[in-house]
Amino acid sequence: MDPADGDPDPRRGLPSVDRLAQRVEGAARAGGATGAMPGWASRAGARSALDAARAAAARDGPRSDFDAAALERAALAAAERLVAPRPQRVINATGVVLHTNLGRAPLGQGAARAVAEAARGYADLEIDLETGRRGSRLGSVAGKLALLAGAEAATACNNNAAALVLALAALARGREVVVSRGELVEIGGSFRVFEIAAEAGVRLVEVGSTNRTHLRDYERAIGPDTALLLKVHRSNFELRGYACEASLGELVALGRARGVAVVEDLGSGALVDLRARGLAGLPPEAFVPARVASGADVVCFSGDKLLGGPQAGLAVGRAAAIEAMRASPLARALRLDKLAIAALDWVLTALLDERLDEIPVLARLLEPAGSVEARARALVEAASRAGVGAALALRVLPDRAPVGGGSLPGFELDTWVVEVDAAGGAGAPNADALARSLRGARPPVVGRIRADRLCLDMRTVDPSELSALADALALLARDATAASRDGVR
Ligand SMILES: *Cc1c(COP(=O)(O)O)cnc(C)c1O
């Protein structure tokens, strides 16, 4: 046996990588779930299980015996994780329409087709087919964005964090940027405004107090080195009580009078008026055209939040500021790829055509609660047809769910859930165990736990996913029956 191939410590009797890999391949053939396990995956899985076993032995002290079956299971699981495509499709039963951990905005069929088409072949990404010369990568999406936002100009880059870096670097590098202490937010995934500012090479001048910032605070902070007034949407928290802030319109008036630019990082922005279409509770600032109308030089927001498109950072505003962003050397480093451009172009066209039902985020947000309830009842029926018997108690209940995307705190939608409870006795699995089992289904199902009960929120479940969800529940019912029979928790 080749010691270089990881024959570990024979005293502990751990098998070699090759021997364990062979067992993994045998188990995969017998199990049949994924079929034949490729050698690269079985060896990598074996190596990682052996590493873990060795680390455990180092921690707990050497033991003469080890659990061979557990080692093989760990190696097989690691190998299966490696061969599974990532990201894999999951059923979002959390009710959170913009769930960052689940990939935020799903694209509709039309946008997905546009992406596949652009992916498969060459494309006129940067060629003007009329002249045969080099053309503009962003020309089409920038034009449509500007039209929808009512802006002089528009541009796009990788994500909204990048759009903010680009705006700050292009308009204020080496100079001062004034921002309210009430808006120095941290957004999930370590996006912190003051760190972004440092990366962009600007000096932040903080004004006001945590809860109150007045226009005069900005006014006093403006000096010869001030390039820009920055407004940041608080996104994931609310300031209530004794609080005040300067409005974007007031900042624009001040900026004009003193010759400094005004940039707003809006985060979540919609290009259609969702309040007028039934989302009356949506904060009014989420409507991008109204922000643009206030006269800001740049308003930036995400492509995959309320817009309902691919991951992208969109910037709309006045021509000179947008041109400065386009001309920045950073724009090249942060540029969009052809797949995102294809998706974005499709979504912007659908918005211009008012085909909102073809944009899943908008369709889900605008769906009346009664129609969500009907889907919940349909799931219960489908589950009973699929053989969910007495082992699982399913109840249809009204609930409320946040929209997500770290974007609209305090804004929730009425929704309907199917509450799932194991009916068995003491050995019945609890909500966490049920949720874990559903995450192991194919496709995996991600639910939400409310008051110690597992809930499947139907707002984010597509009608086409109902039968797969019913099958997952049937499997869960079988497992729950077995578990309560065995009396294990
Ligand atoms: C979400 C958000 C961001 C980050 O946007 P990404 O597109 O995820 O990079 C930045 N600023 C605000 C205010 C946000 O809400």
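Small disclaimer: the values here were computed from a predicted structure and weren't measured. Indexing begins at 1, ligand by ligand and atom by atom, following the structure's order.
Between Arg291 and Glu285, no side-chain nitrogen of the basic residue sits less than 4.0 Å from a carboxylate oxygen of the acidic one, so the salt-bridge criterion is not met. Remark: Glu367 does not engage Arg364 in a salt bridge, criterion side-chain N to carboxylate O under 4.0 Å. Residues Arg113 and Glu117 are not paired through a salt bridge, judged by the lack of any N-O separation under 4.0 Å between the basic side chain and the carboxylate.
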* Asked: Would Gln311 and Asn158 satisfy side chain to side chain contact (heavy atoms under 4.5 Å, CB included), going step by step from the backbone distance to the final call?
  -> CA-CA 7 Å; Gln311 179 190 301; Asn158 229 319; 3.6 Å; yes

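Applying the 4.0 Å criterion to heavy atoms of His233 picks out, from ligand 1, the atoms 13 (C). Under a 4.0 Å criterion applied to the non-hydrogen atoms of Asp265, ligand 1 contributes the atoms 10 (C), 11 (N), 12 (C), 13 (C). For ligand 1, the atoms closer than 4.0 angstrom to any heavy atom of Phe191 are 10 (C), 11 (N). Of all atoms in ligand 1, listed by their number and element, those nearer than 4.0 Å to a heavy atom of Ser235 are 12 (C), 13 (C), 14 (C), 15 (O). The distance from ligand 1 to the heavy atoms of Ala161 drops below 4.0 Å at these ligand atoms: 5 (O), 6 (P), 9 (O). Counting the atoms of ligand 1 from 1 in the order shown, those under 4.0 Å from a heavy atom of Ser302 are 5 (O), 6 (P), 7 (O).
The shortest separation from a heavy atom of Arg104 to ligand 1 is under 4.0 Å, placing the residue in contact. Residue contact check for ligand 1: Lys305 places a non-hydrogen atom closer than 4.0 Å to it.
No side-chain heavy atom of Val292 sits under 4.5 Å from any side-chain heavy atom of Glu152.
The CG atom of Asp479 sits 10.0 Å away from atom CG of Leu434, with the distance rounded to the nearest 0.5 Å.
The 12-atom threshold is not exceeded at CZ of Arg395, counting heavy atoms of other residues, nucleotides or ligands nearer than 6.0 Å.
For Ile187, every heavy-atom contact with ligand 1 shorter than 4.0 Å involves the side chain, none the backbone.
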